[in-house]
Amino acid sequence: MSCDPTHVAIFGGFMRYVQELNFNIALRLWHEIVVVPATAQHFEYINCHANTGLLRQIGGESL
């Protein structure tokens, strides 16, 4: 779980809303996965924290 203040505020707001609804919510979440050949991958992070997204996996260094 992220300790970023913005993420904590968003999560806290969501939990307050859920409590107002007495935990009676119908929420569906999903994610998508795409497999891309290594030669076709390009990622650019501008002004992002070194622990953001894929940067977290490579220590913020270029491959």
**Q.** Cluster check Val18, Phe11: I/L/V/M/F/W/Y, side chain < 4.5 angstrom
**A.** yes

(Q) Rounded at 0.5 Å granularity, tell me how far CD1 in Ile25 sits from CZ in Phe14. (A) 4.0 Å

Q | Over 12 non-hydrogen atoms of neighbours within 6.0 angstrom of CZ in Phe23 | A | yes

(Q) Could you list the cluster mates of Val34? Members are the ILVMFWY residues connected by side-chain heavy atoms closer than 4.5 Å, either directly or through other members. (A) Val36

Q: Establish whether Tyr17 and Leu27 are linked, either directly or via other cluster members, by ILVMFWY side-chain heavy-atom contacts under 4.5 Å.
A: yes

